[in-house]
Structures are given as structure tokens and as C-alpha cells.
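Hydrogens, waters and symmetry mates play no part in the numbers below; they use all other heavy atoms, side chains included. Computed from a predicted structure; not experimentally measured. Order of the sequence lines sets the chain letters (A, B, ...), proteins ahead of strands, with each chain counted from 1.
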There are 2 protein chains.
Amino acid sequence: PGKMKGRKARWSVRSSDMSNKTFNPLRAIVDSVKVKPNPDKTTISLSIGDPTVFGNLPTDPEVTQALKDALDSGKYNGYAPSIGYLSTREEVASYYHCPEAPLEAKDVILTSGCSQAIELCLAVLANPGQNILVPRPGFFLYRTLAESMGIEVKLYNLLPEKSWEIDLKHLESLIDEKTACLVVNNPSNPCGSVYSRNHLQKILAVATRQCVPILADEIYGNMVFSDSKFEPLATLSSNVPILSCGGLSKRWLVPGWRLGWILIHDRRDIFGNEIRDGLVKLSQRILGPCTLVQGALKSILRRTPQEFYHNTLRFLKTNADLCYGALAAIPGLRPIRPCGAMYLMVGIEMEHFPEFENDVEFTERLVAEQSVHCLPASCFEYSNFFRVVITVPEVMMLEACSRIQEFCEQHYQCAEGTQEECDK
Amino acid sequence: PGKMKGRKARWSVRSSDMSNKTFNPLRAIVDSVKVKPNPDKTTISLSIGDPTVFGNLPTDPEVTQALKDALDSGKYNGYAPSIGYLSTREEVASYYHCPEAPLEAKDVILTSGCSQAIELCLAVLANPGQNILVPRPGFFLYRTLAESMGIEVKLYNLLPEKSWEIDLKHLESLIDEKTACLVVNNPSNPCGSVYSRNHLQKILAVATRQCVPILADEIYGNMVFSDSKFEPLATLSSNVPILSCGGLSKRWLVPGWRLGWILIHDRRDIFGNEIRDGLVKLSQRILGPCTLVQGALKSILRRTPQEFYHNTLRFLKTNADLCYGALAAIPGLRPIRPCGAMYLMVGIEMEHFPEFENDVEFTERLVAEQSVHCLPASCFEYSNFFRVVITVPEVMMLEACSRIQEFCEQHYQCAEGTQEECDK
Ligand SMILES: Cc1ncc(COP(=O)(O)O)c(C=O)c1O
Ligand SMILES: Cc1ncc(COP(=O)(O)O)c(C=O)c1O
């Protein structure tokens with residue numbers, strides 16, 4: 001009704017569409033769970049993706065010392081450039097530089113955690129109405145961020161029977177003119193999968209054919225067990241423009257410190273100045289990560305002993321084996337063996353648990369009866385699986401597995417028509 | 001042309017509209033300045049709003065000790081809730097609580113600097129197409145953030161002759177049906193002004209009449225000279241819903257640490273759960289500020305000695321007087337005496353400097369001839385003024401003032417028709 005000016009009749013303050021669209025499926029699912037843990041059993045949480053909560057995985061003393069030194073120097077209290085100190089960006093660049101994927105300071109943007117790295121990448125690459133391709137099952141933040149910006153999310157399938165490799169046909173079928181980027185998360189949350197060089201090359205081939213840039217979420221980079229190898233995506237391609245997102249959160253076990261980064265790989269100058277400038281401009285909105293952590297980064301990267309990384313991985317591998325072994329022996333469950341990161345996905349043969357409608361109900365009842373918390377795969381836009389976090393202390397892991405076993409035994413039922421198999 | 005699917009012809013990656021719209025006037029103006037400082041004079045920068053750059057204003061030892069303690073405790077390496085630790089929010093609430101404007105933990109959201117506090121407030125209050133009211137001259141970030149989100153910015157005038165009070169008539173005339181919020185910055189960057197209780201009440205009266213919520217940017221809260229009093233806006237109203245933004249950056253002299261907050265004042269329940277939930281949801285995008293700084297906040301707020309605040313303010317007041325005195329004596333300049341914050345605005349009687357087209361050229365030539373950097377008011381959407389930062393060491397301040405004097409004397413010309421006055 002035309003231009004209305006002047007006095008409003010009354011107070012009416014509504015939250016914006018953007019905030020309404022900022023949807024966190026985890027919160028929606030977890031908060032709606034009404035069940036209480038079994039009061040007779042201590043609660044064991046295998047649901048929190050924070051490796052620090054149990055105290056069994058402290059960061060390395062060199063990491064805390066580096067921060068202390070940065071603090072004592074008195075040099076890191078003022079504003080840094082919004083994309084981070086030049087010296088810190090140089091350090092990150094030289095740490096991740098390799099001949100196949102060279103990096104300089106200008107290719108690095110420091111962010112407030114890997115979360116903000118992903119936010120900036122999506123914000124610079126996609127307009128409202130465009131779409132991004134995201135793994136299913138996958139980390140919920142991609143959708144949360146994309147939808148808040150009016151960017152459509154298309155889910156491409158991962159194949160549990162192929163250790164969660166991407167269904168490349170399905171992936172390629174989803175690409176259209178409006179596809180702004182392909183998100184590849186390797187190693188994966190929630191799957192714990194690590195892609196082979198060969199598979200990564202096939203993913204790159206799709207991107208090359210379809211001319212789609214890649215956001216490589218490599219926050220779990222290098223966090224792979226001894227029998228696997230982590231290949232940074234950018235080292236395998238010289239033409240696909242790639243924004244690789246990483247940070248201190250996982251490998252250095254300090255997620256609260258909120259230091260992340262974007263590594264810009266663009267050897268064919270396809271992103272060009274436009275994307276680089278766009279990232280710089282977007283970084284000016286909140287002015288970069290905490291300067292103390294930036295100041296500490298040089299020492300953190302240089303002085304953290306190899307032993308620290310090895311010990312973390314050895315612990316994770318032991319727990320993964322232990323958990324995989326225990327759960328694989330439980331009728332009705334089908335864990336998928338992880339090769340890295342901090343998670344393991346467990347398939348539920350729902351036909352053997354007819355009492356439960358789905359993975360959400362399964363995990364709810366697991367809380368109610370056994371006080372064991374796991375996230376249902378619904379949190380990752382998948383179904384009939386649940387995710388186990390393998391950073392918990394070994395005894396807890398064992399106790400949890402035996403409670404899951406008890407739970408499954410109590411609810412397992414022979415599926416119709418498979419009586420025979422059941423009797424074995 | 002209908003739904004286009006399948007293979008793209010060629011690589012074409014463009015930066016998003018959002019990043020293109022993320023415009024930083026400061027960068028645009030400052031980066032386009034081509035002049036070099038005078039090689040015969042050391043550079044003096046009165047342009048950087050970072051109180052730490054000269055080393056003369058270190059933070060208090062209690063502040064660094066608090067951070068060290070947080071680090072040593074080992075308790076603050078993991079993820080905090082995205083709006084901040086409950087205990088830290090409780091502490092902020094009780095620090096800013098007062099009978100006229102009560103606060104509890106649920107009214108506090110911790111952010112990555114005051115910048116992110118402002119970002120979240122604008123993002124939750126306004127939709128694209130709505131508008132916000134912003135002071136002129138004023139801090140550029142309001143526009144940068146708003147325009148990147150498609151929110152229109154309307155500038156209301158501040159009156160230099162009334163110590164930068166708001167032109168309330170002008171303000172009220174700008175309000176329309178699409179006005180989502182009124183931004184009030186007190187104490188002010190770039191003006192150094194501090195509003196009286198009486199003026200603040202008049203601002204609140206406008207908000208009440210027009211039913212417009214307020215974003216109070218109080219990052220310079222309590223940073224007022226002895227002859228002024230800082231009145232938190234929320235303490236003067238029981239009906240206007242107010243989001244007050246603040247943080248550690250200025251008063252505690254650690255802008256790089258990136259800890260800010262939003263205080264939600266909503267005693268009539270006008271924001272209601274919708275705005276609160278919206279802020280929580282938006283905070284989940286990047287998961288809050290550095291946990292170490294959060295962990296240190298309790299001690300910082302409790303143990304920083306009053307002396308520290310007093311010393312900072314005494315220093316700023318001395319420098320302000322010194323700078324005001326020196327510049328007020330220079331023909332052609334009209335500084336406005338500041339009462340707080342860290343800045344002073346200086347009017348340029350352009351008619352006496354006909355060589356220069358505007359404030360940008362004036363400050364450019366000041367760099368070229370005297371190697372003194374000041375920001376032209378154009379950076380704050382104003383004109384014929386420049387801003388002086390008063391955190392620099394006293395000798396530098398004096399030297400800068402005498403160079404500005406030399407510069408002005410060399411370029412001052414009697415305005416036509418005022419020969420007489422000039423001869424005095
Ligand atoms: C796959 C993935 N990407 C990004 C992140 C966010 O990392 P940060 O805590 O550094 O923001 C996480 C955190 O769990 C993750 O699992
Ligand atoms: C008026 C005003 N608001 C907000 C900010 C941003 O503060 P922070 O560094 O905490 O993000 C500044 C910084 O200069 C400012 O002057």
C-alpha cells in the first residue's frame with residue numbers, strides 16, 4: 001500500500017528471516033529429545049564432538065607454552081589485519097606448502113575457527129538462489145550456513161558399503177547451472193572415512209568436467225590412522241580452484257581457541273582477484289580471530305612434537321578398533337570401520353528392531369535405558385545409523401559398548417522370514 | 001530460459017553479491033590515497049583506532065594474569081556454548097546489572113568482538129529491504145554490515161555546534177514503517193562526544209513514540225573524562241527494547257582478543273523469545289569467541305584495579321586537552337572538545353583553504369607535507385572535518401599538532417570578503 005511513513009501504531013519487533021532460517025538440525029533433534037537417562041546408570045556421552053571434554057586428550061605443552069609466550073610478549077593485544085597477521089599467514093602457508101600445491105601468505109586467510117572459514121567460503125562463492133553440493137551423511141553446519149544465506153543445499157550420497165566414498169554418478173547428476181560449489185569433507189565427520197588418492201582424483205574429474213569449484217573441509221586433515229594416507233585435495237589437481245578450510249580445533253585439540261584458516265588454491269587463476277578480494281572484504285565484518293592465538297601459531301606449527309600427533313592418532317585408532325570390534329559382534333548393528341577423524345558410524349538393521357521407528361527413537365531409548373548418548377544419523381541428514389565419538393577414555397568406550405550390546409540384545413528380534421538366520 | 005541442467009561450458013567463478021556489497025569506506029578512501037609521506041619527516045599516525053600500537057597504553061597486568069590463569073587451568077580449551085560459557089555470561093550480567101536495568105546470564109551473549117555483536121544485532125532485527133538509522137558522522141561498520149545484508153542505511157545528523165548531539169527532528173523524520181532499529185553510539189567514534197542524561201532521554205522518547213528498538217553501541221562505555229558521566233542507555237528507559245553492544249577492546253585495551261557482548265534489555269518483553277532465540281541461532285554459525293578470553297573474563301572484571309581505568313582516562317583527558325588547545329589556536333581549524341572515547345573531531349574552515357577541494361585532499365596533503373596521518377571525515381560519511389586519535393604518546397601528539405599548525409599556516413588564506421578578520 002504505497003510508501004507508509006511516520007509513526008508506527010505499536011511495538012512489533014520480529015526476528016529476521018535470516019535468523020529464522022538459521023536452523024541447527026542438531027539442536028532441533030537433540031533438544032526435542034524428552035527422555036531422561038536411566039538414573040541407575042552413570043551417563044556416558046558418545047555424542048559430543050569435543051575431544052577435550054574428558055580430559056584424556058590434553059593439547060601438547062608446546063601449544064600452551066606458545067600461547068603463554070605470545071601473551072608475555074605483549075605484542076599481540078592490538079588489532080591484527082582482518083585476514084590475520086602477515087607473519088602468521090606466512091607461517092601457515094609454509095606449513096601447508098608443497099610443490100604440487102604451492103602456497104604463499106596471500107593465499108591464506110585466518111578465521112574464527114573452521115566454522116567461519118566455511119561461512120566465508122560459502123558467502124563469497126554463492127548467491128541466494130544458487131546451490132551447493134553437500135555430502136549425506138555430512139556435517140550439519142554446511143546446511144545451517146547455506147540456508148541462512150538463502151543458498152540451496154543439494155545432498156549427494158555417500159556409500160557406506162564403499163567406506164563412505166561418494167556416489168559420483170549421483171553427485172554429477174545434481175550439478176546444474178546454479179551450482180556454486182561442491183563441498184568435500186575429508187576426513188569425514190560423521191563417517192571417519194578417508195578417501196584414497198584414486199577416489200579424490202575421480203571427484204576432481206567431476207569438478208573439472210562440470211567446472212565447479214570445491215570447498216574442501218579438511219579440518220581433520222592429517223588425522224588418519226597409520227594404514228591410511230591423507231591427501232590434501234589441492235595436491236591432486238592443478239586446474240580445479242579449491243578453497244581448503246582447516247584450523248587448530250581438532251588436530252591440536254583446542255577447539256575453543258577458535259582459530260581456523262582458508263587456503264586458496266587457484267593455480268589457473270579461476271577465482272582470480274574477485275574471490276580473493278571478496279574473502280578479504282567479508283573478513284572485515286568481524287575482524288579476524290583472537291590475536292593471541294595468531295601470535296602463538298608459529299610456535300604451535302613449528303614446535304608441537306610429532307609424538308603428540310602420533311599419540312593422539314594411536315589413541316584414536318585403538319579406540320576405533322575396540323569400538324568397531326565390540327559393535328561388529330552385536331547382532332543387528334553394522335559399524336563401518338573408520339580410517340581417521342574422531343567418529344565411527346554404526347548402521348542399525350532396523351528390521352531387527354521393530355520396536356523403534358527410526359534411528360532417533362533407537363538412540364532415545366538407548367539413553368532412557370542405558371544412559372548412553374549417541375547422535376542419530378538424522379542429525380547428519382541420514383537414517384538408520386548412529387554416530388559414535390571415539391575420543392572418550394577407553395574404559396568408558398568399553399562400558400558404552402557393553403551397554404549398547406545389552407540394549408541390542410534386549411530389543412533384537414528376528415526379522416520376519418529370516419527365522420533361520422536368527423536361530424544360528 | 002527454463003531449467004538448465006548439466007555441464008557448464010567453461011569455468012566462471014564470480015564473487016557473490018554479498019561480498020561485493022561488503023564495502024569498507026575506510027579502505028576505499030585510505031587505499032586510494034596515492035600520496036607518500038614527506039621523507040624528511042618521521043611519520044606520525046593519528047589515524048589508527050588501536051590504542052595499543054604505540055606501546056604507551058598497555059593493558060593491566062591483572063588482565064594478562066587472568067588470561068594466563070585461564071590457560072594454566074586447562075579448563076578452557078574445549079568448545080563453549082555458542083553464546084558463551086554460562087559462568088562468564090553470569091559474570092558479565094552481574095558486572096553490568098543495576099536496579100534500573102537488571103541483567104541475568106540469559107540476557108548476555110558473548111561474541112567475537114563488538115563487531116560481531118553489532119553484526120548479530122543487525123542480522124536478527126532487520127530484513128533485507130528494511131532500514132536502520134545510523135549517526136553521521138559515525139562508525140563505518142554499521143553501513144558495511146547493513147549493506148552486505150541488503151539493509152538500507154539512513155543517516156541522521158549529529159550537530160557539531162551542540163557537542164555532536166543528535167538532531168532529533170531529523171532523526172524522527174527519517175523513521176518509517178521499514179525502520180528496524182536505531183543505532184546510538186555513545187560515547188562516540190569518531191566524535192568523542194558523551195551524551196547527557198537529558199539528551200539520552202530525548203532519544204528514548206523518539207524511540208518510544210515511534211516504537212523503534214535501539215542498538216546501543218556502548219563499546220566506549222565508561223570511557224568518559226572526569227567532568228562527564230556515562231549513562232548506559234538502558235538504565236534510562238523501562239519500555240524501549242535495547243540491545244547494548246560492548247566488549248573488552250577499548251576499555252581494557254585488548255582489541256585483538258576479540259571478546260564482545262550483547263546485553264539484552266527487554267523489560268516489556270517486546271523482543272520476546274523470538275529475538276533472543278534468533279540471536280542464539282545466529283551465534284551458532286561460528287561458535288562464539290575464544291574460550292581462553294572467556295575463561296579470563298571473570299578475573300578481568302573483578303580484579304582490574306580502578307586505578308587502571310583512571311590512569312587511562314587521565315591520559316586520554318590530558319591528551320585531549322592538549323590537542324584541543326593546540327588546534328583551537330590554529331586559524332582555520334575548529335576542533336570540537338571531546339568528553340570521552342579516544343577521538344577528537346576537527347572542523348576545517350574550507351573557505352580558508354581554497355587550495356584543497358575537501359577534507360580528503362586536506363588530509364592527503366597533510367601526509368605529503370608533514371607526514372601526519374589523520375582520517376578525513378569522509379570516512380565517517382561526513383565532510384570538512386578530520387578525526388584525530390588521542391591515544392598517541394604526548395610528545396607525538398604535540399609534534400603532530402605543531403606540524404598541523406605549520407601546515408595550516410602555510411595554506412591558510414583569507415576568505416573573500418573577510419579580509420578584515422584575517423588581518424587581525
Ligand atoms: C567437518 C567439520 N568441519 C568444520 C568444523 C568446525 O570446526 P571449528 O570448531 O574449527 O569451527 C567441524 C567441527 O566439528 C567439523 O566436524
Ligand atoms: C564505535 C565502535 N563500535 C564498535 C567497534 C568494534 O569493536 P571491536 O574491536 O570490539 O569489534 C569499534 C572499533 O573501533 C568502534 O569504534
Side-chain angles (χ1 to χ4, degrees), chain A residues 4-5 7-8 10-11 13-19 22 24 50 52-53 58-59 64 67-68 71 74 76-80 112-113 115-116 119 123-127 144-145 176-177 209-211 213 241 254-258 270-271 274-275 278 281-282 284-287 289-293, chain B residues 4-5 7-8 10-11 13-19 22 24 50 52-53 58-59 64 67-68 71 74 76-80 112-113 115-116 119 123-127 144-145 176-177 209-211 213 241 254-258 270-271 274-275 278 281-282 284-287 289-293:
Chain A
M4 287 188 285
K5 235 192 119 132
R7 189 163 170 178
K8 287 191 196 173
R10 51 180 189 80
W11 283 106
V13 181
R14 310 300 309 269
S15 59
S16 69
D17 299 340
M18 183 188 180
S19 65
T22 304
N24 183 331
D50 181 343
T52 72
V53 278
T59 188
T64 40
L67 202 117
K68 205 171 291 182
L71 184 63
Y76 303 107
N77 296 332
Y79 287 111
S112 192
S115 298
Q116 199 205 3
E119 182 192 40
V124 80
L125 287 175
N127 275 321
T144 303
L145 290 171
D176 63 21
E177 286 283 315
R209 245 192 328 269
Q210 302 286 351
C211 295
V254 287
W257 293 14
R258 312 309 301 132
I270 292 163
F271 284 147
E274 212 178 290
I275 298 294
K281 284 201 257 174
L282 290 173
Q284 291 170 353
R285 298 167 55 105
I286 68 162
L287 299 178
C290 179
T291 44
L292 293 172
V293 187
Chain B
M4 288 187 284
K5 233 193 124 136
R7 190 162 169 180
K8 287 191 194 174
R10 51 181 189 80
W11 283 104
V13 181
R14 310 300 307 270
S15 59
S16 69
D17 298 340
M18 183 190 181
S19 65
T22 304
N24 182 331
D50 181 344
T52 72
V53 278
T59 188
T64 41
L67 202 117
K68 205 171 291 182
L71 184 63
Y76 303 107
N77 296 332
Y79 288 110
S112 192
S115 298
Q116 199 205 2
E119 182 192 42
V124 81
L125 287 175
N127 274 322
T144 303
L145 290 171
D176 63 21
E177 285 285 315
R209 246 193 324 270
Q210 301 286 350
C211 295
V254 288
W257 293 14
R258 314 307 301 131
I270 292 162
F271 284 146
E274 211 177 291
I275 297 295
K281 285 201 255 174
L282 290 172
Q284 292 170 353
R285 298 167 55 105
I286 69 164
L287 299 179
C290 179
T291 44
L292 293 173
V293 187

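Interface remark: B/T52 contributes side-chain atoms only to the contact with chain A (heavy atom separation under 4.5 Å). Only the backbone of B/A126 comes within contact range of chain A, with heavy atoms under 4.5 Å apart. Heavy atoms of B/S112 lying under 4.5 Å from chain A belong to its backbone as well as its side chain.
Minimum interatomic distance between A/W11 and B/P213 (heavy atoms only, all atoms of both residues): CZ3-N, 3.5 Å. Between A/W257 and B/Y76, the closest heavy-atom pair is NE1-O, 3.7 Å. Shown here for A/R10 and B/C211, the closest heavy-atom pair between the two residues is C-SG, 3.5 Å. In plain terms, the two heavy atoms of B/C290 and A/V293 that are nearest each other are SG-CG2, 4.2 Å.
You'll find the side chain of A/L71 stays beyond 4.5 Å of the side chain of B/L71, heavy atoms only. Taking 4.5 Å as the limit, some side-chain heavy atom of A/I286 sits within range of a side-chain heavy atom of B/E119. At least one side-chain heavy atom of B/L67 sits less than 4.5 Å from a side-chain heavy atom of A/L67. Under the 4.5 Å side-chain criterion, counting only non-hydrogen atoms from C-beta, B/R285 is in contact with A/T22.
Put simply, CZ on A/R14 and CZ on B/F271 are 13.5 Å apart, with the number rounded to the nearest 0.5 Å. Taken to the nearest 0.5 Å, the NZ atom of B/K68 stands 12.5 Å off from the OG1 atom of A/T64. For the atom pair CE (B/M18) and CG (A/L282), the distance works out to 6.0 Å, reported to the nearest 0.5 Å.
Note: A/S16 leads A/A80, A/S16, A/G74, A/S115 in heavy-atom pairs under 4.5 Å with chain B. In terms of non-hydrogen atom pairs under 4.5 Å with chain B, the most contact-rich of A/G278, A/G256, A/P289 is A/G256.
Under the side-chain contact (heavy atoms from CB on, under 4.5 Å) criterion, A/S15 pairs with A/S19, A/N20, B/V124, B/E274, B/I275, sequence neighbours left out.
Although no hydrogens or angles enter the test, the distance criterion places a donor-acceptor pair under 3.5 Å between the side chain of B/D50 and the main chain of A/Y79.
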